[in-house]
Amino acid sequence: MKQKQPNRKTVQTLVSLLLLTVSFVYGATAEGTPLVYAAEQKSEKIISEDEAIHFAKKWLPIPAGYTYGYGNYVEPDGEIETPYGAWSLYWSKGDSDSIIYKIHPVTGHLLYYFNQNQISATPAPVNADRQRVAREGADQFLAHVIPPEERSKLTAPSESIVKSDSPETYRFVYKRIENGIPFDGNYIGISVSGDGKILRFKRLWYEGELPEASRVISEAKARELLQQNTEPTLIYRDKPEYFKSDSSNEQKYMLVYEYQRKDPQLVDAITGEMVDANAEPAKPKRTINSLKAMAPAVPSNTGSGEGGVFTREQAEASALHLVQKTFSAQLENLYMLNPQPYEWRISDLLAHRMSYEVHFGWLKNGIPIKDATFQVRVSPRKGSASFVDKEPVQPPVIVDNDPRRVDVTTAKKTEQAMNPVLKLYYKQPFGFNEETGEPKPILVYSLWGDGGVVDGHTGTWISFEKLWEERTKQ
């Protein structure tokens, strides 16, 4: 069954991505003979579904009894972790067993593989011999599917045993190193059974140009900028599961200083500018005001946008009016997220028959509660507002009678003392722009050490690793 085919714009995007690759990209023709795509080649060829099937079988033969279901072309960033697009191919056997491949649309490289049948041909308990066989299987498969030049940029794999209802699975992660610098989020992951059966494969690999490492600022300057300009957020957050006791009376939330996604926490190693967790420029933090401090919103009856469409500003007013009316007795414990997590263009909303979504969150003592948020949906054509969920999420019960609070300066001193190691690495922003394509990575510095948070009452360090160790000893 042949499904969605790549459009002309996608072809041009993929070609531009291909032209940014280093020197050569290796592949093979439908007949199995080697192909080398030179970086200067200007071909607009994207492999067909039949060619993608050929590559899939080359990388991992289809087991007996499986029949081909369908192939679907995934547009660039049409799915998570497919910034360059992919052919997604599906085989099945019976009602429960299936195999999925994702094939690079230009080179034919294997991007992803998942065999739903996780059962080993020779099931056995976890032991050193089977772990060794699994490691050998992972290394051999890596050599089969990844070109030598790319393999030379991989670390020795970290190993873990996946605990599940199925027999033992060993997972090996080979991380990417460029110019001696780690590339955060780029890796090859391979899961193997104890008898060497490949169960899962994932390749995450940015294929464009990298920033020039020779231009980075000094470590001393980077450390100074981080010490001065990082800024965690004071929030209530739920305790990690391993920190909770079995007591039903235990307080499940704690007041801590913790970095949120938009907080300034990394420094661009070339420009010296502060960036957030997604390697995007950090914006000044805004004061959080409860809805009680906001004037009553007045929704518009008609849209002021082109063609009578309601604008984003009008949508937020409609959403705010609904929340103020619905939760009139709880406004001091509510706020509107600013900035909003994401905002779609009006043209995209109309083209896909989508609605605006306006996000709100709950407060405790004027402090945000992590993940305690809900959304209001607003029609861009009618301006009508409604809750996304039939019953908007209610705030968790938090009992906190401790009046003590440490300021952010004190919290930073504690946090930086526990994270003294300065690390340099590549980091790529998450997302995809239809006009500019895949975002380019940057070099960043950050401080590393003991994972944890700062107690917002006392300023002491809460080590997640230590808590985990104490919990597992019980």
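This chain uses plain numbering: 1 for the first residue, then up along the sequence.
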All ring-ring contact (aromatic ring centres under 6.0 Å, His included) counterparts of [X], not counting sequence neighbours:
{"X": "F141", "result": "F201"}
{"X": "F183", "result": "Y426"}
{"X": "W205", "result": "none"}

Donor-acceptor contact below 3.5 Å, side chain [X] vs main chain [Y]:
{"X": "N186", "Y": "Y206", "answer": "yes"}
{"X": "Q428", "Y": "P439", "answer": "yes"}
{"X": "Y68", "Y": "G71", "answer": "yes"}
{"X": "H144", "Y": "L60", "answer": "no"}
{"X": "N115", "Y": "L199", "answer": "no"}
{"X": "D184", "Y": "K427", "answer": "no"}
{"X": "N179", "Y": "I181", "answer": "no"}

Tell me the salt bridge (charged side-chain N to carboxylate O under 4.0 Å, His left out) pairs involving residues 350-364, sequence neighbours left out? none
Test log, rule salt bridge (Lys or Arg N to Asp or Glu O under 4.0 Å), inputs K153 and E178: CA-CA 6 Å; K153 300 175 180 179; E178 289 281 353; 3.2 Å; yes
Matching residue for W91 among T67, I53, D97 - test: side-chain contact (heavy atoms from CB on, under 4.5 Å): I53
Pick one: which of V421, T230, L422, L266 meets side-chain contact (heavy atoms from CB on, under 4.5 Å) with L447? L422
Under a 3.5 Å threshold, yes or no: a donor from one side chain and an acceptor from the other, between K285 and T233? yes
Taking all atoms of both residues into account, what is the closest heavy-atom pair of [X] and [Y], and its distance?
{"X": "V376", "Y": "A319", "result": "CG1-CB, 3.6 Å"}
{"X": "V192", "Y": "I198", "result": "CG2-CD1, 4.0 Å"}
{"X": "G449", "Y": "P420", "result": "CA-CD, 4.4 Å"}
{"X": "G194", "Y": "Y170", "result": "CA-CE1, 3.6 Å"}
{"X": "G451", "Y": "W461", "result": "C-CZ2, 3.9 Å"}
{"X": "P429", "Y": "P441", "result": "CD-CA, 4.2 Å"}

Under a 4.5 Å cut-off applied to non-hydrogen side-chain atoms, are [X] and [Y] in contact?
{"X": "Y113", "Y": "I99", "answer": "yes"}
{"X": "R176", "Y": "L204", "answer": "no"}
{"X": "V256", "Y": "I235", "answer": "yes"}
{"X": "V358", "Y": "R312", "answer": "yes"}
{"X": "H104", "Y": "F55", "answer": "no"}
{"X": "L110", "Y": "R203", "answer": "no"}
{"X": "S191", "Y": "R171", "answer": "yes"}
{"X": "K440", "Y": "I442", "answer": "no"}

For D139, give me all partners under side-chain contact (heavy atoms from CB on, under 4.5 Å), at least two apart in sequence or on another chain. R135, Y174
Can you name the side-chain contact (heavy atoms from CB on, under 4.5 Å) partners of I177, sequence neighbours left out? T155, P182
With [X] via side chain to side chain donor-acceptor pair (under 3.5 Å) - residues at least two apart:
{"X": "S214", "answer": "E212"}
{"X": "Y66", "answer": "none"}
{"X": "Q140", "answer": "none"}
{"X": "S158", "answer": "none"}

If you round to the nearest 0.5 Å, how far is [atom2] of [Y] from [atom1] of [X]?
{"X": "D238", "Y": "I369", "atom1": "CG", "atom2": "CD1", "answer": "11.0 Å"}
{"X": "R200", "Y": "Q116", "atom1": "CZ", "atom2": "CD", "answer": "10.0 Å"}
{"X": "E258", "Y": "R237", "atom1": "CD", "atom2": "CZ", "answer": "4.5 Å"}
{"X": "T107", "Y": "I46", "atom1": "OG1", "atom2": "CD1", "answer": "11.5 Å"}
{"X": "I100", "Y": "L89", "atom1": "CD1", "atom2": "CG", "answer": "10.0 Å"}
{"X": "Q375", "Y": "F387", "atom1": "CD", "atom2": "CZ", "answer": "11.0 Å"}

List for me each residue that meets salt bridge (Lys or Arg N to Asp or Glu O under 4.0 Å) alongside R151, sequence neighbours excluded, and say none if there are none. none
Mind checking salt bridge (Lys or Arg N to Asp or Glu O under 4.0 Å) for K93 and listing every partner two or more places apart, or none if nothing turns up? none
Does the ring-ring contact (aromatic ring centres under 6.0 Å, His included) test come out yes or no for W87 and Y101, once each step is laid out? CA-CA 8 Å; W87 276 107; Y101 293 77; over 10 Å; no
Check this for me: K175, atom NZ, are more than 12 non-hydrogen atoms of other residues, nucleotides or ligands nearer than 6.0 Å? no
E273, CD: over 12 other non-hydrogen atoms inside 6.0 angstrom: no
One pair to check against salt bridge (Lys or Arg N to Asp or Glu O under 4.0 Å): K262 and E280. What are the steps and the verdict? CA-CA 9 Å; K262 291 292 187 180; E280 296 177 319; 3.7 Å; yes
Electrostatic pair R223-E219, nearest N-O below 4.0 angstrom: no
Pair S48-D50, side-chain hydrogen bond (donor to acceptor under 3.5 Å, both in side chains): steps then yes or no: CA-CA 5 Å; S48 66; D50 289 337; 5.1 Å; no
